[in-house]
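Read the structure below first, then the notes.
Lettering of chains follows the sequences in order, A, B, ..., and the numbering in each one begins at 1.
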Number of protein chains: 2
Amino acid sequence: MARKRITPGKIRLAEVAKLAGVSPITASRFFRNPEALSVGKRARVESAAKELGYVPNLAARALASQRTEVIGVLIPSLTNNVFADVLRGIYDALDGSRYSIQLANTRYSILQEERLLRLFLAQKPAGLIVTGINQTADSRTIMESVDCPIVQIMETGPAPVDMMIGFSHFDAAKAAISHLLDRGYRQIGFLGARMDPRVQRRLDGYRSTMSEAGLFDERLIVTTAIPTSVTLGGTLFADLLAKAPEIDAVFCVNDDLALGTLFECKRRHVAVPDQIAIVGFNDLEFMASSVPTLSSVRTNRYEMGRNAAMMVLETLDGRRPAESVIDLGFSIMERQSSARRS
Amino acid sequence: MARKRITPGKIRLAEVAKLAGVSPITASRFFRNPEALSVGKRARVESAAKELGYVPNLAARALASQRTEVIGVLIPSLTNNVFADVLRGIYDALDGSRYSIQLANTRYSILQEERLLRLFLAQKPAGLIVTGINQTADSRTIMESVDCPIVQIMETGPAPVDMMIGFSHFDAAKAAISHLLDRGYRQIGFLGARMDPRVQRRLDGYRSTMSEAGLFDERLIVTTAIPTSVTLGGTLFADLLAKAPEIDAVFCVNDDLALGTLFECKRRHVAVPDQIAIVGFNDLEFMASSVPTLSSVRTNRYEMGRNAAMMVLETLDGRRPAESVIDLGFSIMERQSSARRS
DNA sequence: CAATCGCTTGGTAGCGCTGTCAATATCGGT
DNA sequence: ACCGATATTGACAGCGCTACCAAGCGATTG
């Protein structure tokens, strides 16, 4: 008949319980909720577990308890430095907790995102961190019907699925353009790549601010769906210059484009900021050490990841975070590349 | 007495089997090894599963089969662009397979690595990808006693635990220095940050090549344990210049340092390459578009990740890869910053 | 002093799937 | 027509843990 699938040396919870002189269920409770045990048993189970080198079997735990200790993270890109920082924050926050991370890459496709969402939710994650607020209608329905904590990161907006942490890309772009206007620049170009929803909102912010100043001109906008790169920054800037040679400043939707623009200026012997001012976005580390130093919009990416993970943890602990929507803001880092027009 | 933990709407394998008119175990086989079923049953189970929207319960599968479909990945840093590329390769290779990735960050600590290794292995991963060849003795013992495929990435060396893919950092540095020597440079400085094992091997390559040329001088070496950054590149270069003003070239252990060096040169009005040549390492995208363009050692990071994952997959499929150690090599990208000395 | 309460502990069964082995069906060869 | 070999299918039990309920127990209360 059916075999006995004996596993010889393996230490199971039952062994720990036996050594501690308690029932398996009591030993189990030690790991889920040690407070529920009397002090004596708690110590006995603890030392028994340590003595045997017990490591819980997560699959068995997940099967029996009908939930996992995995927090799903959906981000659009693994290469983008921006997400590297966010991820680092998430990993740091979850380090040492009993939760692990399941990471997936949507490649900027909301269809892919929906597919991954279904995949994740089928395994009953403990929590979920998703990027942005532009999910498919189906994704939204799915997320709303799920009872695990969900944090939307990278931006803020109305109607969070559950929780949200980020900042307003519209306002950030507005502030960058206002900064340039304030420093005396008028013909401000816009360089955009990839054009994901957040970049679109930066474009909206640019448009709105320029219009309010009576300076809006469609010719000043150069965008592409191509993924961003430093080289692309140079190319886009060259395009802009060809279309609108009169420009006196450029707002780049990220720092790679800004650096590429700076190099292209060098190549063309265009003085920065005397002839062209440059402002980037994200404030990556190199912006402060280029020559000239490059102005940028600082965003709090590490904190975003860290706080998002902490919001999930708090919710799982039963302590609902004070705020379910957190605006981390941004700040304009004013450097040489956008010094006041002389 | 004990309750019936009925789960109402949930579709389990049993439901699929019933609809298909087969036993649960036959339905199970459809998912693990469809070839073993007769064509008719295969189709019946397939359509039943689709009709019910069946999604297997991974926890139950893992518990019953005593193994998971998770491939563990241990890397030292989430921020470093180098690993972002490697990771992208791994994720791409595993995309669409039934395996998922468990990623952990060792933070360049082999003790941390050992801890994570134990954690991973306790859950019986399907495979493992680890960074480098400098594990603790205990880590090595553990890995050798495990029967899942293991790939060590980033470098090559003797005695792989199982499989290995990378390149020789010693040879790569040697080639970079030889390139500079060949172009007429003699006083070649070395800039190193973080000094992890691979960077150490690049230093060894530098040392060896300079010694062979009769040009070795300890004063030309500037290193720090601080994590790398563009800003740090400028600082280290300034240190080097203070110690050895006579240098005519600098080899930087990565491209961030190289870019920082370039900026520092700009700041000091030192002409590149006329007064100082620069060579970086990794050939990140921006190296080709800086002014002047920066020479670098190109490494195949994406391919490394991709191939590493594919080696794991092949092994799991029972097809042992042709080579268990793959040297992906490198190439010297000669650009303006190391043009022949005039 | 019985009834009640809260805290701690244990018994039982089952989470959903698959390994093992047996049983049955199919097939070719002599 | 018979035999063994091969392909296909199924029965059973159990992977290791925890949900649920109940029971033990001392303390509190009217």
Tell me whether the OP1 or OP2 atom of [N] has a side-chain N or O from [X] closer than 4.0 Å.
X	N	value
A:Tyr54	D:dC17	yes
A:Arg44	C:dT9	no
B:Arg61	C:dG16	no

Looking at [options], which one has an atom nearest to any side-chain atom of [X]?
X	options	result
B:Arg12	C:dC17, D:dT18, C:dC15	C:dC17
A:Ser28	C:dC15, D:dG14, D:dT18	D:dT18
A:Gln66	C:dC17, C:dC15, D:dC15	C:dC15

Close N or O pairs between protein and nucleotides 8-10 of chain D (under 3.5 Å):
from   : atom 1 : to      : atom 2 : distance (Å)
D:dT9  : OP1    : B:Ser38 : OG     : 2.6
D:dT9  : OP2    : B:Ser38 : N      : 3.0
D:dG10 : OP2    : B:Ser23 : N      : 3.0
D:dG10 : OP2    : B:Ser23 : OG     : 3.0
D:dG10 : OP2    : B:Thr26 : OG1    : 2.6
D:dG10 : N7     : B:Arg29 : NH2    : 2.7
D:dG10 : O6     : B:Arg29 : NH1    : 3.4

Just to be sure I understand the rule, does A:Arg42 reach a base, reach only the sugar-phosphate, or reach nothing, if contact means heavy atoms closer than 4.0 Å?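 A:Arg42: no heavy atom of the nucleic acid under 4.0 Å.
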Working to the nearest 0.5 Å, report the span between CZ of A:Arg198 and CD1 of A:Ile133. 8.5 Å
Residue among A:Asp85, A:Asp92, A:Asn307 satisfying side chain to side chain donor-acceptor pair (under 3.5 Å) with A:Tyr302: A:Asp92
Is it true that A:Phe30 and A:Tyr54 have ring centroids separated by less than 6.0 Å? no
Take the protein atom CZ of B:Arg67 and the nucleotide atom P of C:dC17, then report the distance between them rounded to whole Å. 15 Å
With no hydrogens and no angle check, do the side chains of A:Gln152 and A:Gln135 hold a donor and an acceptor under 3.5 Å apart? yes
Step by step, would you call B:Met164 with B:Met154 a side chain to side chain contact (heavy atoms under 4.5 Å, CB included)? CA-CA 8 Å; B:Met164 195 178 259; B:Met154 295 311 292; over 6 Å; no
